[in-house]
Asker: 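Got a structure here, written out as structure tokens. Questions coming.
The structure presented is a predicted model; accordingly, all values stated were derived computationally and were not measured.
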Amino acid sequence: MSFEVFSYESLVHAVSGAVGSVTAMTVFFPLDTARLRLQVDEKRKAKSAPVILAEIIKEEGLLAPYRGWFPVICSLCCSNFVYFYSFHSLKANWLKGRQSAPSTDLIIGIVAGVVNVLVTTPLWVVNTRLKLQGSKFCNTDIHPTNYSGILDAFVQIIRDEGVRALWNGTFPSLLLVLNPAIQFMIYEGLKRQLRRGVPRELSSVEVFIISAVAKAVATTVTYPLQTIQSILRFGQFSESTDKSRLLSSLRTVKSLLANRVRKYGVLGVFKGLEAKLLQTVLTAALMFLLYEKIASCTFRVMGLNPVHSKRR
């Protein structure tokens with residue numbers, strides 16, 4: 001079976017997904033700041049997202065909730081481009097015009113997620129550190145960093161910690177490919193249910209609701225691993241000394257999870273979930289709404305049927 005790597009349709013999906021995600025993240029970026037601060041700063045008391053944001057603004061200034069916006073947007077743009085392109089390219093080559101199924105969407109989503117993680121993890125490591133740079137932490141064990149920008153962060157991390165440090169958090173990230181995979185599986189499944197076999201475009205309200213539901217379920221299920229992922233990317237943790245990288249990663253994740261539960265109980269691994277759900281559900285809903293509209297308009301300009309071009 002021949003595999004077509006490049007296609008204009010996959011490119012349209014990739015660009016639409018990247019543009020939609022960048023726009024949506026910019027709108028709801030302060031909520032992501034609140035979520036990340038709660039995940040990394042263990043001694044900061046868990047409160048509602050608005051209260052946390054008010055504290056951050058009071059302690060660090062009005063623009064603090066948008067600290068690290070540029071590197072996050074760069075990473076997000078690249079990440080979503082890679083994921084949407086991989087997902088739709090794999091799906092088009094696998095199905096060859098046939099109807100998809102939830103199991104197919106899940107498998108393709110996992111494969112696309114693995115490709116995305118391996119390619120874009122260094123960008124996420126750098127943006128996590130830049131976003132937290134200059135923050136006022138309640139935990140005094142956290143050491144301040146001094147990066148002048150994205151390139152300087154890359155240089156300093158490689159020089160001081162080695163190239164491997166750029167892939168900190170890769171193991172939980174690979175496990176977390178279930179997040180977008182579950183999200184896409186639910187989203188695509190709900191789309192098929194709403195269409196009931198009739199090829200039609202969904203309304204804006206329908207797209208917004210089903211994408212919000214899909215993201216809420218995926219985020220809640222995988223949130224404990226997202227917390228560990230943030231801690232690993234920040235880089236200030238005690239790493240296991242096992243010679244095997246896989247064993248070392250497993251022991252580090254296990255140790256961080258156990259430490260979090262021991263200190264704060266089971267709910268400790270869900271610290272910041274409210275802010276994350278608020279941010280990620282709204283962001284995903286807006287992103288998919290923009291993605292569907294941009295892709296639909298582009299396919300019309302290209303003279304293609306926007307429903308059949310998606311091959312779902």
Side-chain angles (χ1 to χ4, degrees), residues 1-27 73-74 76-113 115-116 119-120 180-215 218 281-312:
M1 182 179 71
S2 62
F3 187 89
E4 185 182 355
V5 176
F6 177 81
S7 75
Y8 285 111
E9 290 179 16
S10 296
L11 185 62
V12 169
H13 286 298
V15 172
S16 301
V19 172
S21 64
V22 166
T23 305
M25 176 56 88
T26 299
V27 173
I73 290 303
C74 289
L76 189 68
C77 184
C78 295
S79 182
N80 276 283
F81 183 92
V82 171
Y83 190 89
F84 274 82
Y85 192 95
S86 300
F87 182 85
H88 288 285
S89 181
L90 287 166
K91 193 169 184 177
N93 280 280
W94 188 330
L95 296 176
K96 296 294 184 183
R98 300 189 304 273
Q99 178 78 354
S100 186
S103 58
T104 305
D105 292 331
L106 184 64
I107 293 169
I108 293 173
I110 289 172
V111 175
V115 173
N116 180 38
V119 172
T120 65
I182 292 171
Q183 178 188 355
F184 268 72
M185 178 185 71
I186 295 173
Y187 179 75
E188 297 287 340
L190 289 173
K191 283 180 72 172
R192 285 191 290 271
Q193 288 298 315
L194 288 173
R195 284 175 174 164
R196 300 182 186 279
V198 180
R200 68 177 180 90
E201 284 191 64
L202 300 183
S203 69
S204 298
V205 174
E206 288 174 323
V207 171
F208 193 89
I209 291 173
I210 65 173
S211 56
V213 169
K215 192 60 177 179
V281 169
L282 291 174
T283 300
L286 181 57
M287 180 196 78
F288 271 95
L289 177 58
L290 293 171
Y291 153 69
E292 292 285 357
K293 296 304 178 184
I294 293 170
S296 179
C297 289
T298 306
F299 283 129
R300 283 200 183 94
V301 170
M302 294 170 66
L304 298 171
N305 185 312
V307 175
H308 291 296
S309 294
K310 291 171 186 176
R311 300 182 186 182
R312 292 171 188 169

Asker: Please verify the inter-ring angle class for Y85 with F81; under 30° counts as parallel, over 60° as perpendicular, anything in between as tilted.
Answerer: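 It falls in the parallel class, under 30°.
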
Asker: Which heavy atom in C77 sits nearest to a heavy atom in V22, and how many Å separate them?
Answerer: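 Heavy atoms of C77 and V22 come nearest at CB-CG2, 3.7 Å.
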
Asker: Taking S211 for the side chain and F208 for the main chain, is one N or O donor matched with an acceptor at less than 3.5 Å?
Answerer: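 At least one qualifying donor-acceptor pair exists.
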
Asker: How are the rings of Y291 and F288 set to each other: parallel, tilted or perpendicular (split at 30° and 60°)?
Answerer: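 It falls in the perpendicular class, over 60°.
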
Asker: With rounding to the nearest 0.5 Å, note down the distance linking OG in S203 to CD1 in I209.
Answerer: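 Taking OG in S203 and CD1 in I209, the distance rounds to 7.5 Å.
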
Asker: Applying side chain to side chain contact (heavy atoms under 4.5 Å, CB included), name anything that partners S103, two or more places apart in sequence or on another chain.
Answerer: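 Partners of S103 by the side chain to side chain contact (heavy atoms under 4.5 Å, CB included) criterion, ordered by chain and then number, come out as A101.
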
Asker: When rounded to the nearest 0.5 angstrom, what distance separates CD1 in I182 from CD1 in I186?
Answerer: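 Rounded to the nearest 0.5 Å, the CD1-CD1 separation comes out at 6.5 Å.
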
Asker: If you define the side chain from C-beta out and look only at heavy atoms, does anything of H13 sit under 4.5 Å from F299?
Answerer: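 Of all side-chain heavy-atom pairs linking F299 with H13, at least one is under 4.5 Å.
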
Asker: Can you give me the closest heavy-atom contact between A24 and L286, atom names plus distance?
Answerer: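 Result for this residue pair: CA-CD2, 3.8 Å.
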
Asker: For a side chain to side chain contact (heavy atoms under 4.5 Å, CB included) with T298, tell me which candidate from V12, V15, L11 qualifies.
Answerer: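 Considering V12, V15, L11, a side chain to side chain contact (heavy atoms under 4.5 Å, CB included) with T298 is found only for V12.
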
Asker: Tell me the closest heavy-atom pair linking G17 and M287, and the distance in Å.
Answerer: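 Shortest heavy-atom separation between G17 and M287 comes out as O-CG, 4.2 Å.
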
Asker: Just jot down the side chain to side chain donor-acceptor pair (under 3.5 Å) partners of S16, sequence neighbours excluded, or say none.
Answerer: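 Partners of S16 under the side chain to side chain donor-acceptor pair (under 3.5 Å) test: none.
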
Asker: Tell me the closest heavy-atom pair linking V281 and A212, and the distance in Å.
Answerer: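 Looking at all heavy atoms of both residues, the shortest contact is CG1-CB, 3.6 Å.
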
Asker: Heavy atoms, side chains only, cut-off 4.5 Å: are H88 and S7 in contact?
Answerer: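 SC-SC contact between H88 and S7 ruled out.
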
Asker: Just how far is it from atom CG of L76 to atom OG1 of T26, taken to the nearest 0.5 Å?
Answerer: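 Atom-to-atom, L76:CG and T26:OG1 are 8.5 Å apart.
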
Asker: Within the 4.5 Å heavy-atom criterion, are K91 and D105 side-chain neighbours or not?
Answerer: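 In contact.
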
Asker: Please examine the side chains of V115 and V82, heavy atoms only from C-beta on, and report whether any two atoms are closer than 4.5 Å.
Answerer: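 SC-SC contact between V82 and V115 confirmed.
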
Asker: What's the spacing between R195 CZ and L190 CG if we round to 0.5 Å?
Answerer: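 One finds 12.0 Å between CZ of R195 and CG of L190.
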
Asker: Would you say the side chains of S296 and E201 form a donor-acceptor pair under 3.5 Å?
Answerer: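 Yes.
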
Asker: At what distance, to the nearest 0.5 angstrom, does CD1 of I210 lie from CD of E188?
Answerer: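 I210 atom CD1 to E188 atom CD measures 8.5 Å (nearest 0.5 Å).
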
Asker: Which one of V111, N116, I108 satisfies the side chain to side chain contact (heavy atoms under 4.5 Å, CB included) criterion with F87?
Answerer: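 In the set V111, N116, I108, the residue that makes a side chain to side chain contact (heavy atoms under 4.5 Å, CB included) with F87 is I108.
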
Asker: How close do S86 and A112 get, counting heavy atoms only, and between which atoms?
Answerer: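 Closest approach of S86 to A112: CB-CB, 3.7 Å.
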
Asker: Please work out which of the three classes, parallel, tilted or perpendicular, describes the rings of F184 and F84, given edges at 30° and 60°.
Answerer: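 The rings of F84 and F184 stand perpendicular, inter-plane angle above 60°.
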
